[in-house]
Amino acid sequence: MATVSSLPSPAFLAADPAAALPSATILRFPPNFVRQLSTKARRNCSNIGVAQIVAAAWSDPARPASLPGGGAGGRRGASSRAAATPAAAAAASAAAEATAEVGAIPNAKLGQPSAAALAEQALLGSDASLAVHAGNHDQSPLRSIAFPPLLRFFSDPFRAFDIPIEGERLGRRIATDAITTPVVNTSAYWFNNSQELIDFKEGRHASFEYGRYGNPTTEALEKKMSALEKAESTVFVASGMYASVAMLSALVPAGGHVVTTTDCYRKTRIYMETELPKRGITMTVIRPADMDALQNALDNNNVSLFFTETPTNPFLRCIDIDLVSKMCHSKGALLCIDSTFASPINQKALTLGADLVIHSATKYIAGHNDVIGGCISGRDELVSKVRIYHHVVGGVLNPNAAYLILRGMKTLHLRVQCQNNTAMRMAQFLEEHPKIARVYYPGLPSHPEHHIAKSQMTGFGGVVSFEVAGDFDATRRFIDSVKIPYHAPSFGGCESIIDQPAIMSYWDSKEQREIYGIKDNLIRFSIGVEDFEDLKNDVVQALDKI
């Protein structure tokens with residue numbers, strides 16, 4: 001077994017590299033030690049070069065011949081040390097220069113934009129690039145300093161380095177050479193000493209404390225989403241439904257008033273109808289795009305928030321975000337848009353005037369029908385309030401789920417573009433088919449808010465709702481006859497999904513179906529990434545059965 005007499009500290013290396021390096025004594029190592037240590041170094045600090053220096057280059061010239069590695073072996077060690085010392089000393093000298101460079105930054109503050117942050121802004125100019133590469137927009141000027149591997153290794157080889165840089169592509173707070181963002185599975189984070197903890201509490205040390213309050217993997221996801229939505233801040237949570245609950249709970253005060261629309265996710269409506277009254281919160285429900293009703297609600301109530309989807313579920317109605325934001329803000333009300341059916345590729349609600357935007361990341365964002373999550377993006381002032389509530393109540397996104405969503409976002413723009421195109425062709429085909437009574441799709445001129453969709457969306461999404469020319473049983477036969485789409489809830493994934501809302505969402509309440517216009521023959525068709533001709537042929541053969 002190899003023994004180590006001493007290893008120099010980073011400070012000693014930086015102060016006097018020539019004096020520090022000869023003091024390290026590493027006796028003779030067993031065969032394959034270089035390879036083994038290099039493997040550990042690669043795993044733990046992503047630095048194979050340092051391990052090779054430690055294992056192969058350092059030895060003690062005064063080592064007695066009687067010790068392992070003495071005699072001729074000792075002479076080889078001395079020669080090796082002599083050859084390696086200039087390289088090691090150069091590395092230590094570079095470390096000292098880097099340390100001096102950090103110390104020379106006058107009044108360095110975390111809020112200042114770093115060169116790396118500016119580089120990301122210049123480099124990642126499109127949604128496609130942001131979806132793949134954007135990440136940590138931490139503004140610390142220290143994040144652009146490249147410390148030499150030798151100094152990083154001896155500072156602490158088993159811990160994330162304290163000099164992170166920006167973004168998922170340009171760097172992150174997780175030290176690794178991996179292309180993909182690592183999954184950090186931990187429930188808590190440790191500190192070197194009490195002063196470091198105090199520095200963390202007072203904002204001078206960047207780290208995390210407890211898994212419910214933050215995670216490096218989740219943080220990378222939040223920064224990516226903020227970049228896509230042009231938001232100051234984003235918080236990711238365990239589900240889209242919880243995102244809505246957290247937002248309403250944090251931002252609508254007791255005794256407040258909320259306005260929402262008839263066409264929306266049913267569970268959101270149920271929550272607002274049953275839970276908000278317990279806090280004395282009242283609600284006005286208007287039909288989508290009914291601006292007179294919205295203005296009346298704003299004039300006659302102390303409205304805290306207008307919360308609506310656009311496009312809506314399941315009729316894909318569209319709300320003029322620019323118009324309603326001005327109406328709400330003139331009365332001191334917030335506007336929150338659930339943009340799940342659009343995705344940030346097709347619509348950026350914040351740039352149109354919304355204060356907040358919510359997504360069920362389960363759908364387009366993750367895009368593979370394999371993970372549940374949700375997020376709220378917007379001004380930091382508002383998102384911080386939601387984050388504080390979230391830290392108290394829970395609803396934490398598992399870091400493994402965060403990784404799956406990050407992975408899904410790499411192809412978000414590709415999937416959505418494909419789904420936009422296929423859904424448009426499917427909507428046009430269905431609108432011309434004699435066995436289809438009506439098609440709901442914002443990309444069609446026949447849609448009541450087509451003009452609004454064209455003005456605020458770059459694509460119309462991958463969901464097409466339609467009514468077959470038949471009754472409940474005929475519609476059920478059609479659903480049961482398709483071969484490619486899965487008969488399931490949800491939407492936005494790679495696989496096409498189809499359902500009959502009268503059964504899937506409203507089977508327990510015929511009265512609710514009648515109130516909200518959910519007919520027995522209504523179908524919601526979520527287009528995946530399959531070939532259009534295959535999907536069309538499947539739909540044709542299923543329609544032939546009714």
Side-chain angles (χ1 to χ4, degrees), residues 113-140 143-144 164-174 178-182 216-236 243 321 337 339-352 354 356-368 371 373-380 383 397 401-421 456-462 492 494 529:
S114 67
L118 297 175
E120 176 174 299
Q121 294 172 18
L123 182 64
L124 307 180
S126 69
D127 286 346
S129 298
L130 289 171
V132 175
H133 292 305
N136 190 351
H137 283 272
D138 195 309
Q139 300 297 301
S140 170
R143 298 187 185 281
S144 60
I165 55 175
E166 320 300 324
E168 203 177 11
R169 173 63 179 89
L170 303 181
R172 56 201 152 216
R173 291 172 62 178
I174 310 166
I179 293 174
T180 56
T181 300
T217 310
T218 305
E219 183 186 62
L221 173 61
E222 291 172 341
K223 299 300 182 181
K224 183 187 288 288
M225 194 67 197
S226 291
L228 273 177
E229 281 289 9
K230 311 299 182 187
E232 291 180 5
S233 183
T234 295
V235 58
F236 259 85
I321 299 173
I337 297 294
S339 197
T340 300
F341 271 77
S343 88
I345 301 300
N346 287 333
Q347 176 177 278
K348 298 191 188 303
L350 298 177
T351 66
L352 296 168
L356 294 162
V357 60
I358 279 181
H359 289 276
S360 171
T362 311
K363 313 304 192 296
Y364 289 109
I365 304 299
H368 289 75
V371 63
C375 62
I376 307 105
S377 302
R379 300 202 311 271
D380 185 62
V383 175
L397 184 72
Y403 170 79
L404 288 174
I405 298 171
L406 271 169
R407 184 194 63 176
M409 289 180 74
K410 304 284 188 180
T411 58
L412 175 61
H413 61 293
L414 301 174
R415 291 184 282 103
V416 170
Q417 288 166 8
C418 174
Q419 290 164 311
N420 285 343
N421 294 335
Q456 66 188 25
M457 301 179 73
T458 57
F460 304 110
C494 290
V529 297

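Any value given below was found using the heavy atoms of this structure, including those in side chains, with hydrogens, waters and symmetry copies removed.
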To the nearest 0.5 angstrom, please state how far the OG atom of Ser377 sits from the CG atom of Leu350.
6.5 Å

Kindly give the heavy-atom pair with the smallest separation between Phe341 and Tyr364, and that separation in Å.
O-CE1, 3.6 Å

Taking Thr362 for its side chain and Gly373 for its backbone only, find out whether a donor-acceptor pair lies under 3.5 Å.
yes

Side chain of Lys224, backbone of Leu406: donor and acceptor closer than 3.5 Å?
no

Smallest heavy-atom separation, Ser339 atom then Val357 atom, equals CB-CG2, 3.5 Å

In this structure, NE2 of His413 is separated from CG of Leu228 (nearest 0.5 Å) by 10.0 Å

Evaluate the side-chain proximity of Lys348 to Thr458: yes if any heavy-atom separation is below 4.5 Å, no if none is.
no

Minimum-distance pair of heavy atoms, taken over all atoms of Val371 and Ala366
CG1-CB, 3.4 Å

Mark yes or no for whether Asn420, through its side chain, and Gly461, through its backbone, hold a donor-acceptor pair below 3.5 Å.
yes

CD1 of Ile358 to OG1 of Thr234: how many Å apart, nearest 0.5 Å?
11.5 Å

Specify the closest pair of heavy atoms between Glu222 and Val235, including all atoms of both residues, with the distance to one decimal.
OE2-CA, 3.5 Å

Paired with Leu412, the side-chain contact (heavy atoms from CB on, under 4.5 Å) test is passed by just one of Asp127, Val132, Ile365, namely Ile365

Less than 4.5 Å apart, any side-chain heavy atom of Glu232 and any of Val383?
no

Within the distance-only criterion (no hydrogens, no angle test), does the side chain of Ser126 pair as donor or acceptor with the backbone N or O of Ser129 below 3.5 angstrom?
yes

Would you name the heavy atoms of Ser226 and Ser233 that are closest together and state the gap between them?
OG-C, 3.3 Å

Nearest-0.5 Å distance, NE2 of residue His359 to SG of residue Cys375:
5.5 Å

Donor-acceptor pair, side chain of Thr181 and main chain of Tyr403, under 3.5 angstrom:
no

Measuring only between side-chain heavy atoms, which start at C-beta, is Arg415 closer than 4.5 Å to His368?
yes

So NZ of Lys410 and CD1 of Ile179: to nearest 0.5 Å the spacing works out to 9.0 Å

Is there a side-chain contact between Ile405 and Leu397, using heavy atoms and a 4.5 Å cut-off?
yes

Within the distance-only criterion (no hydrogens, no angle test), does the side chain of Gln419 pair as donor or acceptor with the backbone N or O of Gly462 below 3.5 angstrom?
no

Do Lys363 and Ser360 get their side chains close enough for a donor-acceptor pair, meaning under 3.5 Å?
yes

Working to the nearest 0.5 angstrom, can you tell me the gap between Met457 CE and Ile345 CD1?
12.0 Å

